[in-house]
Amino acid sequence: MSDDEGGGSLYVLTAVLLTPAQFPSILGDDFPEACSLLGVAPGGEGYGLVLGQDEEGARWTVVVDDVSLVAAAIASWDCGMEYDLSPDERTIVVSLAGWPLELSVAASGIPEPHDPEQGADGTGRVPLAPPSAEAWGPVQRRMGADQIAREWADWREREATDGGAAAAAHPGLARALEGAVGYTKTPPPPGRVRSSFAGEGARTLRVDGPGWSLVARTGEAAFVLLDEEPGEVLTVPHEGDPDLPHLLAELDRIAVRPS
């Protein structure tokens, strides 16, 4: 694709959506926070993030407002089909140096991926970079919840074995559940509560709040991760106050969903 702001061509490697219903969790607890990290306004239908390299091999993230085009490209790639993602230059919102996500691929025939000099994108910002995996914090907490959602069957089997009784009295778990209940009464920022299809009439829920993340499947189980418990996964008891099935149903009712 051609990038007028960067003055050259971009070899596209991948793309992701940045919408209230779908955005990389490493960017924030909600859609506005993710947008803020990239310096764009949290409005409209959201954005597509196109990640690639210029002719010198430098990493660039191009933010475009043509969400449908980026979604079509992602769907095609997921099906193993080729798709030439070339957004119209008029849809480019901003070009940012660096990548916010870790990529294991690179364009062939050009230098190895590297960050351009600070300020090369005109923003004066340090180039975007994926988070460190060495320290536990909000980013790693959200990434952990995403991993549980991807490996749901394994975590569900583990929950069925131990029942999560040891976590029932954890104050952090109580705080997270109280926050989740609060969302059902007072709408949180867009993207704090997301729902996606999980098969057989079930939905996968991803809920984030200050210092906590919840991942659940309606009609089944729920798990909580906390900033103050590095690497620990707390199982939400099936019995208690609030009633878990009712809470999950209410969260699903208010959640944003992919269109």
Side-chain angles (χ1 to χ4, degrees), residues 1-19 22-28 31 33-42 44-140 142-144 146-147 150:
M1 64 175 279
S2 174
D3 175 12
D4 273 5
E5 291 194 24
S9 297
L10 187 76
Y11 296 87
V12 176
L13 298 177
T14 192
V16 295
L17 293 177
L18 176 61
T19 71
Q22 292 176 274
F23 60 89
S25 291
I26 66 169
L27 299 181
F31 174 65
E33 185 178 341
C35 289
S36 177
L37 187 144
L38 299 177
V40 296
E45 297 181 0
Y47 307 94
L49 307 182
V50 182
L51 280 63
Q53 295 174 259
D54 65 18
E55 296 168 331
E56 303 299 324
R59 304 181 182 97
W60 289 92
T61 297
V62 180
V63 183
V64 301
D65 59 15
D66 192 341
V67 177
S68 297
L69 178 66
V70 174
I74 294 172
S76 297
W77 295 335
D78 286 346
C79 293
M81 301 169 59
E82 292 187 4
Y83 194 101
D84 181 16
L85 178 55
S86 298
D88 189 297
E89 60 194 40
R90 292 172 296 181
T91 69
I92 297 176
V93 177
V94 66
S95 296
L96 301 172
W99 296 335
L101 311 175
E102 187 76 47
L103 297 187
S104 59
V105 296
S108 60
I110 61 175
E112 289 295 308
H114 63 275
D115 286 336
E117 293 183 4
Q118 183 174 343
D121 57 10
T123 67
R125 296 165 44 129
V126 173
L128 297 171
S132 170
E134 298 180 0
W136 179 265
V139 171
Q140 291 73 23
R142 293 189 296 264
M143 292 174 65
D146 290 342
Q147 182 177 356
R150 291 192 301 269

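A quick note: this is a predicted structure, and the numbers were derived from the prediction, not measured. Residue indices begin at 1 and follow the sequence shown.
- In this structure, the side chains of L13 and W99 come closer than 4.5 Å at one or more pairs of heavy atoms.
- For the salt bridge (Lys or Arg N to Asp or Glu O under 4.0 Å) condition, the pairs that include at least one residue of residues 58-76, sequence neighbours left out, are R59-D115.
- Within the 4.5 Å cutoff, side-chain heavy atoms of V16 are placed close to those of L101.
- Every residue meeting the side-chain hydrogen bond (donor to acceptor under 3.5 Å, both in side chains) condition with T123, not counting sequence neighbours, appears here in chain and number order: D121.
- In this structure, Y83 and W77 have perpendicular ring planes: the angle between them is above 60°, well past the 30° mark.
- Remark: the backbone N or O of P130 is not paired with any side-chain donor or acceptor of E102 at under 3.5 angstrom.
- In this structure, S108 and Y11 have side chains that are not in contact, with every pair of non-hydrogen atoms separated by 4.5 Å or more.
- The shortest heavy-atom contact between P116 and A97 is CG-CB, 3.4 Å.
- Under the 4.5 Å side-chain criterion, counting only non-hydrogen atoms from C-beta, I110 is in contact with Q53.
- Using modelled atom types, one side-chain atom of Q140 and one backbone atom of A135 make a donor-acceptor pair closer than 3.5 Å.
- At least one side-chain heavy atom of L128 sits under 4.5 Å from a side-chain heavy atom of L37.
- At a threshold of 4.5 Å between non-hydrogen side-chain atoms, the residues L38 and L18 count as touching.
- Residues passing the side-chain hydrogen bond (donor to acceptor under 3.5 Å, both in side chains) test with Q118, sequence neighbours excluded: none.
- Side-chain contact between L103 and L51 is present, with heavy atoms from C-beta onward closer than 4.5 Å.
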